[in-house]
> 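Sharing a structure with you now.
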Amino acid sequence: MNLRDELGGLAGQAPSYASSDKALQTAKRRRAVKMTAAPLAAVAAIAVAIPLALQNIGGGSDGIDGASGLDTVEYITPGGPNGHDVLHTAGGRELEIPAFFTGVRTVIAVPNGWVLGANGNSHIDGDGDGEPDGGGAGLIDRDGELTMLTGPDADAVLNAVSADGSLIAWLMPDDVLHVAEIGPSGAENEVTTPVEPGVDVLAWSGDLLAIGQSPNDVTLPQRWDVWDPRSGDFEPDWAEGVLETVALPDERALVSVRENDDPCLVYLDTSTGNELGKRCQSFIGGPLDVSPDGKTLYLRGEADGGVIGQILDLEAYLNGGEPTPACGQGMDLQVDWTPGGELFVLSGATLQECSTTGAVLGAKKLPDGSRLVGSAGA
Amino acid sequence: MDRYEGFREFVVARGAALSRTAYLLCGSHATAEELVQDALAKTAANWRKVHGGNPEGYARRIMVNQHTSWWRKFGRERPFADVSQVVGSGRPDASRATTDRLVLVTALAALAPKQRAAIVLRFYEDLSENEIAHAMGVTNGTVKRNIYDGLRRMRALIPTLDDIELEVAR
């Protein structure tokens, strides 16, 4: 087999869809910005402990009393009526999600339903007329009724829901950032702040909103501002080189940074700013998933030509320990934690329940293209 | 002067090529569409700076980094291709060609994002190591390592892969 020839043949299957008009519409909402940097220590001064009990909050009220393990997992699948996605609840219900194309980017279970966050290529059908109404985010109650949380003019990509599903942030085309509480009837107590043009990522760290900017609009976000929407405090130039921050119990934080091309994990005491541990290793990559007790970490890593999931005892790993055998292998690893510290891993169409030692406790097949929402039993 | 003068012509001339590269990078029509449109939007936003240089290289670099970024941020990588699309593609020498294509799809799906990007840029785009390093925002050494590791992995899955490919990477 000749690799060049075969790649050429395979590339020929790509559809032609590049649109200058669509690109120009998006481009006119974006401009580049350059910002100065602050040291990593600044992260510790701002990172706050997330009330982790609120993470993975789950639905919990959809007729699942007594259910456990794999049966409590909720997930979405493509290919529903009208091209919409379908949400499969822990109680066995199938709810049509009013979203098109590649599906919503995030689905977070909240006490009274699910919050959907769309992306640039997945539009929410806000008025149910079968036509896309833009990006943004919406709240679906347990009867399947949709309430839009953002207007259709919101930036289609830049919206973020906090880990506990209580807050939503979104960017408007005039570079004004909005944050609102997600209440039973939709967005409440909305506040706003102007931001510099060029925002590339929004991410919650507890109840603080991190606002990422990419130098040259090309690479991963390198510069971060932080806004506390409750107090109104806005701190520009929060940190540089930070890929992700996860707040842990007891005023600790885990920060993923990039140093000299290598990804590193830094363990911080947020009350003092002291670095408690650090390890750089080439296999580290992907989003950080931390157990509710903050002791175990699930990482997607590149290893020997593939992508594998690694389970780490955080403190042991930072002191030189090695990861446990992988739970999950493949390009698309989605994770959720149980209250007992075990985890669910969706890899391709296979859903596994694993212990923190890597032992597989159970497994079942889901439809192709499924995305994990979370465990309603959590 | 329109700040976007020449942009539409650029998309008409090179949009399809960028789409093909995006498809090889991610293996999903829908994700490839997102990659291309996002890259074109960013290229348009900086059109005044890049249109006199190498806008295609600029857009390609955005796609490569964005794809890795999405994987890191969202873990949203999808299987490389729908096998039914591959089987249904049809060619005169269908049985052998289809088999080869399926094998290639499987092997590419087994690669890490950076390895796949390096392989696609080297053997589909025919870029030099320097050009790949620039497109991926990494050092030449990292490019070499990714190509070598990627080819070694593919070779394990495709024993009939031409020997010369491994020689090229050394």
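Residue numbering restarts at 1 for every chain, and letters A, B, ... go by the order of the sequence lines.
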> Once you round to the nearest 0.5 Å, how far does CG of B:Leu108 lie from CG of A:Leu3?
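If I round to the nearest 0.5 Å, the distance is 7.5 Å.
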> Checking B:Thr21 now: which residues fulfil side-chain hydrogen bond (donor to acceptor under 3.5 Å, both in side chains) with it, not counting sequence neighbours?
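By the side-chain hydrogen bond (donor to acceptor under 3.5 Å, both in side chains) rule, B:Thr21 matches B:Glu125.
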> Can you say whether B:Met154 sits under 4.5 Å from chain A via the side chain, the backbone, both, or neither, judging by heavy atoms?
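Contact with chain A involves the side chain of B:Met154 alone.
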> For A:Leu7 and B:Phe123, work out which heavy atoms get closest and say how close.
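Smallest interatomic distance, heavy atoms only, reads CD1-CB, 3.8 Å.
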> At a 4.5 Å cut-off on heavy atoms, which part of B:Ile119 comes close to chain A: side chain, backbone, both, or neither?
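Its backbone and side chain both get close to chain A.
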